[in-house]
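Following: one structure in structure tokens, then a few remarks.
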Amino acid sequence: MMMMGTNGLTISIVLLLFSSTLQVLQAAGTFDVTKYGAKANGEADISKALLSAWDAACDSVGVSIVLIPKGKYALRQVDISGPCKGSMVLRVEGTVEAPVDPNELKGDFWIAFSHIDHFKITGGGTFDGQGEMTWKKYNCMEKKGCKALPISLRFNFIDNAIIEDVTSLDSKNFHVNVMGCKNITFQRFNVVAPGHSLNTDGIHIGRCNGVKIVDSSFATGDDCISIGDASQQITIKGVRCGPGHGISIGSLGKYPNEGPVSGVVISNSTIFNTDNGLRIKSWPAMENGMASNLRFEDIIMKNVSNPILIDQMYCPWNRCNKNGHSKVKISDVSFKNIRGTSTTPIAVQLICSKGIPCENVKLSNIDIKLLGGGATKSQCSNVKPIITGLVPAGC
């Protein structure tokens with residue numbers, strides 16, 4: 001009989017411990033909300049069941065799956081939070097419905113995800129905000145001091161996340177708000193709402209670093225995607241946007257101490273039946289800000305009212321001093337390989353700040369025709385764009 005030496009025994013123990021640890025890490029526990037009392041009858045609130053399933057999964061080591069099976073579920077307000085001991089997956093196969101009456105939700109959200117690292121939402125299901133009854137009755141857009149409607153999905157301080165193969169339907173306010181996140185990807189993500197839905201931005205990004213939105217579609221009543229201050233390294237690719245207000249950077253310069261926006265790339269996308277196409281907007285006579293290193297390229301426009309727009313006199317409902325100039329510095333902007341149709345004669349409109357003119361704005365191969373036939377034109381103020389290739393005359 002061969003005796004195992006000290007070194008051999010040590011190696012065996014290490015391998016045994018490693019094997020046990022690997023088994024734990026690979027174990028994928030599934031926490032089905034129906035096992036915690038949730039009923040798929042579209043009436044009984046599943047918030048307690050969902051939070052109980054989440055807490056149990058969050059306390060488990062390895063990859064844990066919280067499952068909402070196929071069916072229709074009523075869900076009141078929930079804040080789903082970490083940190084968790086392992087990686088978390090929320091698999092939504094069914095349809096989750098918000099209360100019709102927004103007064104049943106406290107605060108400004110329906111579902112919030114907060115302080116989670118290594119997180120995925122998937123499953124092919126739907127988050128239904130049931131906003132149709134609220135858009136006309138609770139219009140806060142033109143009223144001061146009005147309580148804002150709840151955002152459907154909030155992602156607060158989430159790191160290393162993927163949201164894929166799910167739909168946000170008929171939100172009461174923004175469909176998605178992404179705040180303070182790092183390395184978060186939306187792919188095959190669908191936003192569905194009619195063009196008359198008020199303030200229903202598809203995804204709004206603020207104070208994030210490393211956001212990707214790819215191969216996704218947005219039909220809404222406001223911006224398909226809007227990018228707020230302090231957002232950096234934002235990639236938008238393979239997106240379909242329409243109806244809605246297009247894809248926007250801003251508005252900027254409304255609040256004190258806004259962080260700079262930089263490293264935004266929007267490419268290989270289609271924008272159709274929208275009020276705007278690609279837009280950068282800032283408020284006049286308000287706060288300082290900066291937006292730079294912005295690239296828009298390989299975009300198709302169909303039936304778009306304002307295909308390319310820099311608007312540094314953005315002032316909805318006259319809530320600003322139009323006699324002042326924007327204090328937001330816009331520089332290093334490129335619009336390249338953009339083609340399609342415009343519903344207005346002005347396809348390119350660059351309205352930059354009189355006090356801080358735009359710098360290094362490039363227009364290259366802009367082939368946008370007037371819908372129904374005819375040429376379009378460009379209009380520029382407080383900017384001298386660098387023009388190459390075909391671009392509508394005027395600037």
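When reading the values below, keep in mind they use all heavy atoms of this one structure, side chains included, and skip hydrogens, waters and symmetry mates.
For the pair Arg76 and Glu104, the salt-bridge criterion is met [side-chain N within less than 4.0 Å of a carboxylate O]. Contact check on Lys336 versus Asp298 returns no salt bridge, with no Lys/Arg side-chain nitrogen under 4.0 Å from an Asp/Glu carboxylate oxygen. A salt bridge links Lys85 and Asp59; the closest N-O separation between the charged side-chain nitrogens and carboxylate oxygens is under 4.0 Å. A salt bridge links Asp108 to Arg154: at least one charged side-chain nitrogen sits closer than 4.0 Å to a carboxylate oxygen. Between Asp128 and Lys72 no salt bridge is recorded (no basic side-chain N to carboxylate O distance below 4.0 Å). Salt bridge annotation for Lys384-Glu359: absent, with no cationic side-chain nitrogen under 4.0 angstrom from a carboxylate oxygen.
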request  = Apply the test side-chain contact (heavy atoms from CB on, under 4.5 Å) to residues Ile249 and Val264: give CA-CA distance (whole Å), side-chain angles for both, the deciding distance (0.1 Å), then the verdict.
outcome  = CA-CA 9 Å; Ile249 295 176; Val264 177; 4.1 Å; yes
task = Could you walk me through whether Asn365 and Phe335 pass the side-chain contact (heavy atoms from CB on, under 4.5 Å) test, one step at a time?
result = CA-CA 8 Å; Asn365 298 328; Phe335 298 94; over 6 Å; no
task = Evaluate side-chain contact (heavy atoms from CB on, under 4.5 Å) for Leu278 paired with Ile271, printing each intermediate quantity in order.
result = CA-CA 9 Å; Leu278 304 168; Ile271 301 174; 3.7 Å; yes
Pair Gln187-Ile162, side-chain contact (heavy atoms from CB on, under 4.5 Å): steps then yes or no = CA-CA 7 Å; Gln187 60 188 21; Ile162 297 175; 3.9 Å; yes
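Under the 3.5 Å distance criterion, with hydrogens and angles disregarded, no donor-acceptor pair is assigned to the side chains of Ser342 and Thr376. Between the side chains of Ser226 and Ser248, not a single donor N or O lies within less than 3.5 Å of an accepting N or O. Counted by atom type alone, Gln312 and Ser282 present one or more donor-acceptor pairs between their side chains at under 3.5 Å. Under 3.5 Å, the side chains of Thr343 and Ser305 contain a donor-acceptor pair of N or O atoms. Side-chain contact, Trp135 with Ser197: no donor N or O sits under 3.5 Å from an acceptor N or O. Side chains of Asp222 and Thr200: no donor on one and acceptor on the other come within 3.5 Å.
With a 4.5 Å cut-off on side-chain heavy atoms, Phe296 and Ser267 do not count as touching. At a threshold of 4.5 Å between non-hydrogen side-chain atoms, the residues Ser87 and Val63 count as touching. Annotation: side chain of Leu169 is not in contact with side chain of Val191 (no heavy-atom distance under 4.5 Å). Within the 4.5 Å cutoff, side-chain heavy atoms of Ile225 are placed close to those of Ile236. For the pair Thr220/Asp201, no side-chain contact is recorded, criterion being any heavy-atom separation below 4.5 Å from C-beta on. In this structure, Glu258 and Leu252 have side chains that are in contact, with non-hydrogen atoms separated by less than 4.5 Å. With a 4.5 Å cut-off on side-chain heavy atoms, Ile310 and Ile330 count as touching. Looking at Thr270 and Ile299, their side chains never come closer than 4.5 Å, going by heavy atoms from C-beta outward.
With sequence neighbours left out, Ser381 forms a side chain to side chain donor-acceptor pair (under 3.5 Å) with no residue at all. Under the salt bridge (Lys or Arg N to Asp or Glu O under 4.0 Å) criterion, Lys377 pairs with no residue at all, not counting sequence neighbours. In this view, Phe186 and Phe155, Phe189 satisfy the ring-ring contact (aromatic ring centres under 6.0 Å, His included) rule, not counting sequence neighbours. Residues passing the side chain to side chain donor-acceptor pair (under 3.5 Å) test with Lys182: none are found, sequence neighbours excluded.
With hydrogens and angles disregarded, a donor-acceptor distance shorter than 3.5 Å links the side chain of Gln77 to the backbone of Phe109. Checked by atom type and distance alone, the side chain of Ser353 pairs as donor or acceptor with a backbone atom of Ser326 at under 3.5 Å. Of the possible donor and acceptor atoms, none in the side chain of Asn209 sits under 3.5 Å from a partner among the backbone N and O of Asn183.
Cluster membership for Leu90 and Ile65, using ILVMFWY side-chain heavy atoms within less than 4.5 angstrom, is not shared. Linking ILVMFWY side-chain heavy atoms closer than 4.5 Å, directly or via other members, places Trp110 and Val78 in a single hydrophobic cluster. Hydrophobic clustering keeps Val89 apart from Phe127 (ILVMFWY residues linked when any side-chain heavy atoms are closer than 4.5 Å, directly or through intermediates). Side-chain heavy atoms closer than 4.5 Å link hydrophobic residues (I, L, V, M, F, W, Y) into clusters, and following such links, even through other members, never connects Leu50 to Leu67. Taken together through direct or relayed side-chain contacts under 4.5 Å among Ile, Leu, Val, Met, Phe, Trp and Tyr, Ile121 and Trp54 form part of one hydrophobic cluster.
By the 6.0 Å contact criterion, CE on Met290 is open, its count of non-hydrogen atoms from other residues, nucleotides or ligands being 12 or less. In this structure, Arg188 places its CZ atom where more than 12 heavy-atom neighbours from other residues, nucleotides or ligands lie under 6.0 Å away. In the displayed structure, Arg295 atom CZ is contacted under 6.0 Å by at most 12 heavy atoms of other residues, nucleotides or ligands. In Asn257, the CG atom is not crowded: 12 or fewer heavy atoms of neighbouring residues, nucleotides or ligands sit closer than 6.0 Å.
The structure places CG of Asn190 at 12.0 Å from CD of Glu164, a figure rounded to the nearest 0.5 Å. Between atom CZ of residue Arg339 and atom CD1 of residue Ile368 there is a gap of 11.0 Å, rounded to the nearest 0.5 Å. Leu370 CG to Ile346 CD1: the interatomic distance, rounded to the nearest 0.5 Å, is 11.0 Å. The distance from the OG atom of Ser292 to the CD atom of Gln232 is 8.5 Å, given to the nearest 0.5 Å. To the nearest 0.5 Å, atom SG of residue Cys395 and atom CD1 of residue Ile386 are 13.0 Å apart. Rounding to the nearest 0.5 angstrom, the gap separating the OG1 atom in Thr134 from the CG atom in Leu149 is 5.0 Å.
Across all non-hydrogen atoms, the minimal contact from Val166 to Gly124 is CG1-N, 4.1 Å. Counting all heavy atoms, side chain and backbone alike, Gly246 lies closest to Cys241 at CA-SG, 3.7 Å. Contact between Leu350 and Ile308 at its shortest, heavy atoms only, is CD2-CG2, 4.4 Å. Between Tyr36 and Ala49, the shortest heavy-atom distance links the atoms O-CB, 3.4 Å. Nearest approach of Pro194 to Asp170, heavy atoms of both residues: CD-OD1, 3.5 Å. When all heavy atoms of Ala57 and Ser64 are compared, the closest pair comes out as O-OG, 3.2 Å.
Within the structure, every pair that satisfies the side chain to side chain donor-acceptor pair (under 3.5 Å) test and touches residues 171-180, not counting sequence neighbours, is listed here: Ser168-His175, Ser171-His175, Asn173-Asn199.
Less than 2.5 angstrom separates the SG atom of Cys352 from that of Cys358. Between Cys208 and Cys181, the sulfur-to-sulfur (SG-SG) separation does not fall under 2.5 Å.
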Pair up each side-chain donor or acceptor in residues 113-120 with any protein partner under 3.5 Å, not counting sequence neighbours, and list the distances.
| from | atom 1 | to | atom 2 | distance (Å) |
| --- | --- | --- | --- | --- |
| Ser114 | OG | Asp79 | OD1 | 3.3 |
| Asp117 | OD1 | Asn160 | ND2 | 2.8 |

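A cation-pi contact, defined as under 6.0 Å to the ring centre and within 45° of the axis, is absent between Lys302 and Phe272.
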